[in-house]
K.L.:
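Let me give you the structure first, and then I'll get to my questions.
Computed from a predicted model, the values in this text were never measured in an experiment.
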Amino acid sequence: MDTVSRQKRLCLQVLQNCRNELCDLFPGLDAAFAILQYQDRSEPGFATDGESLLYFPAELLRLYAENPSRLRHGYLHILLHCLYRHWLRPADAEPEIWNLACDIAVEQVIEAAGDPDPGFPGALAGKCLRLLGNFPLAAETIVQRLEEGRFPYSLQEMQAAFFFDDHTGWERKPTPAMQKRWENALLRIAGQSRKSGGRRRGVNPGIMEEEAPPQKSSRTDYRRILRRFMIPREEIELDEDSFDYIYYHLGMEQYGSMPLIEPLEYKEVCRLEELVVAIDTSGSCSGEAVGRFLDETWELLAGQENFFRKMNVFFIQCDCEVRDVALIRSREEWKNYRRRIRIRGRGGTDFRPVFREISRLREERKLKRMRALIYFTDGDGLYPLTPPDFETIFVLLKEKCRPDLVPDWAMKLKI
């Protein structure tokens with residue numbers, strides 16, 4: 001066997017060892033590792049084209065001899081690029097910024113899941129990750145942070161800090177069939193995360209969109225649930241309760257068409273004015289479940305006795321990060337929104353981003369008198385450690401829900 005063949009065989013053994021060790025660390029990723037093939041290249045560096053891990057043999061062997069954990073980390077880094085299909089760059093994103101955002105995104109996921117290389121990321125990369133917070137963000141969100149200048153470092157400094165593989169292979173996008181394999185792998189991983197008891201739930205941002213099929217109507221009495229959060233206020237509508245029909249009838253008899261008393265055109269009622277409704281769009285909630293959540297939301301908002309004519313309801317979609325925020329001011333607006341809604345997410349489950357989004361809305365004075373959050377979910381996710389200063393109701397589907405995970409400070413309702 002010549003030197004080149006021996007070197008190539010040794011590289012394949014090294015990569016297989018790295019894969020086995022990573023599968024031990026992250027058993028849910030074994031199916032994803034099976035998709036990525038190995039291919040040597042003639043130029044230095046590591047890369048991927050969405051179908052193979054491309055490596056320069058001499059560099060791979062040198063890195064493995066010097067720092068095997070660094071190579072394992074890089075292998076996982078490349079695999080996550082493929083899982084999230086980072087070669088699908090948005091049309092309005094600058095390539096240089098997009099590439100950096102993708103590197104940061106996968107390093108956030110690796111750090112949250114348990115970094116296989118304690119020596120990476122370095123000091124500057126670690127500071128950047130801390131600036132982004134303690135939950136992974138999608139690459140699109142990180143692009144916005146980079147464009148807003150949220151980091152006190154130059155683009156070149158951050159590129160050097162997060163670099164492992166070059167992204168030249170992304171220009172040769174994999175076939176549609178291969179892209180579908182990665183998409184299915186990500187959905188399987190999200191489902192396995194739930195079945196494994198949530199050991200690493202909430203760490204994988206989703207990139208999927210889907211429609212939610214309509215479900216049968218609800219029988220839940222939301223007025224009974226929401227009564228404790230209602231406030232009194234005068235509303236423009238006939239107050240038939242205080243109307244005295246005797247004087248009205250007497251006036252009509254004595255004076256023809258001139259009643260002695262007419263009903264008031266306003267009355268004091270107790271209803272909701274502000275509310276936040278969130279739905280769990282993670283991979284652990286099926287499309288059918290999300291459709292049920294949406295129809296439960298309609299039952300909540302459609303009842304005229306629940307809200308004032310002018311309502312201020314924020315509707316939030318969230319998996320492990322906030323995917324969509326819509327402001328609903330009337331029942332008609334909800335009807336229009338429900339017809340065109342797209343469900344976004346299908347990643348891990350983390351409830352904390354919704355609470356952070358509420359804090360932001362309150363700071364911006366978009367929420368002034370909010371008293372309650374209603375969260376539709378299966379209950380399996382990451383909860384805030386400290387209770388908020390508003391009431392929280394987690395509405396759980398009875399099928400396969402996890403009420404035991406809901407903290408004591410929150411209300412639980414099964415539907």
Side-chain angles (χ1 to χ4, degrees), residues 28 108-109 111-114 129-130 132-138 141 189-206 220 225-226 228-229 275-286 289-290 292-294 296-297 300 314-325 343-363 367 370-415:
Q108 273 198 303
V109 173
E111 185 179 69
L129 295 180
R130 285 192 290 274
L132 289 172
N134 59 353
F135 68 100
L137 302 174
T141 304
I189 291 166
Q192 288 172 359
S193 174
R194 182 177 183 274
K195 291 177 183 177
S196 64
R199 185 161 54 93
R200 288 191 176 93
R201 60 184 177 268
V203 302
N204 296 315
T220 306
I225 299 164
L226 298 176
R228 59 188 295 180
F229 311 122
L275 184 71
V276 176
V277 178
I279 64 168
D280 177 1
T281 60
S282 65
S284 62
C285 291
S286 66
V290 174
R292 177 72 184 276
F293 292 158
L294 289 173
E296 290 290 333
T297 303
L300 181 71
F314 281 92
F315 181 77
I316 300 176
Q317 296 184 46
C318 181
D319 54 0
C320 68
E321 63 179 87
V322 172
R323 293 299 180 179
D324 185 63
V325 180
I343 299 303
R344 299 179 173 89
R346 319 312 285 158
T349 311
D350 192 340
F351 305 117
R352 296 171 297 179
V354 168
F355 291 84
R356 284 190 283 266
E357 179 67 17
I358 291 172
S359 297
R360 184 186 68 80
L361 293 171
R362 295 171 93 179
E363 289 173 1
L367 280 172
M370 178 217 170
R371 301 185 63 189
L373 161 67
I374 295 182
Y375 209 131
F376 293 96
T377 177
D378 62 356
D380 190 1
L382 300 174
Y383 292 86
L385 295 178
T386 56
D389 61 352
F390 50 83
E391 295 277 3
T392 303
I393 306 170
F394 285 96
V395 183
L396 312 171
L397 283 177
K398 288 183 179 180
E399 299 84 3
K400 300 180 181 180
C401 70
R402 293 294 305 274
D404 55 302
L405 299 177
V406 179
D408 294 336
W409 48 261
M411 295 175 58
K412 290 175 283 189
L413 171 68
K414 293 183 182 180
I415 56 173

K.L.:
Which value, rounded to the nearest 0.5 Å, describes the distance between Asp389 atom CG and Arg362 atom CZ?
P.N.:
4.0 Å
K.L.:
Indicate yes or no: does Glu357 engage Arg360 in a salt bridge with an N to O separation below 4.0 Å.
P.N.:
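So Glu357 pairs with Arg360 through a salt bridge.
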K.L.:
Looking only at atom types and distance, does a side-chain atom of Thr392 sit under 3.5 Å from a main-chain N or O of Leu373, one as donor and one as acceptor?
P.N.:
no
K.L.:
What's the spacing between Ser282 OG and Asp350 CG if we round to 0.5 Å?
P.N.:
10.0 Å
K.L.:
Would you name the heavy atoms of Leu129 and Gln108 that are closest together and state the gap between them?
P.N.:
CD2-CG, 3.5 Å
K.L.:
How long is the gap from SG on Cys320 to CG on Leu382, to the nearest 0.5 Å?
P.N.:
9.0 Å
K.L.:
Would you name the heavy atoms of Leu396 and Asp378 that are closest together and state the gap between them?
P.N.:
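Nearest heavy atoms, Leu396 then Asp378: CD2-C, 3.9 Å.
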K.L.:
Looking only at heavy atoms, what is the nearest atom pair of Arg344 and Gln317, with distance?
P.N.:
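For Arg344 versus Gln317, the nearest heavy atoms are N-OE1, 2.8 Å.
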K.L.:
Rounded at 0.5 Å granularity, tell me how far NZ in Lys412 sits from CG in Leu405.
P.N.:
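Reported to 0.5 Å precision, the distance equals 9.5 Å.
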K.L.:
Could you check, using the six-membered ring where one of them is a Trp, whether Tyr383 and Phe394 have ring centers closer than 6.0 angstrom?
P.N.:
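When the ring centroids of Tyr383 and Phe394 are compared, they turn out to be within the sub-6.0 Å range.
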K.L.:
Would you please test Phe390 and Ile358 for side chain to side chain contact (heavy atoms under 4.5 Å, CB included) and show each step?
P.N.:
CA-CA 10 Å; Phe390 50 83; Ile358 291 172; 3.8 Å; yes
K.L.:
Atom CD1 of Ile374 and atom CZ of Phe315: how far apart are they, to the nearest 0.5 Å?
P.N.:
11.5 Å
K.L.:
Give me the one residue out of Val325, Asp324, Asp319 that meets side-chain contact (heavy atoms from CB on, under 4.5 Å) with Val322.
P.N.:
Val325
K.L.:
Tell me which one of Ile316, Ile343, Thr349, Thr377 satisfies side-chain contact (heavy atoms from CB on, under 4.5 Å) with Thr281.
P.N.:
Ile343
K.L.:
Could you measure the distance from the CZ atom of Phe351 to the CG atom of Asp380? Nearest 0.5 Å is fine.
P.N.:
7.5 Å
K.L.:
Of the non-hydrogen atoms in Pro387 and Trp409, which two are nearest, and what is the gap between them?
P.N.:
CB-CG, 3.4 Å
K.L.:
What are the two closest non-hydrogen atoms of Pro388 and Phe355, and how far apart are they?
P.N.:
CG-CE2, 3.7 Å
K.L.:
Taking all non-hydrogen atoms of both residues into account, name the closest pair between Ala138 and Glu321 and its distance.
P.N.:
N-OE1, 2.7 Å
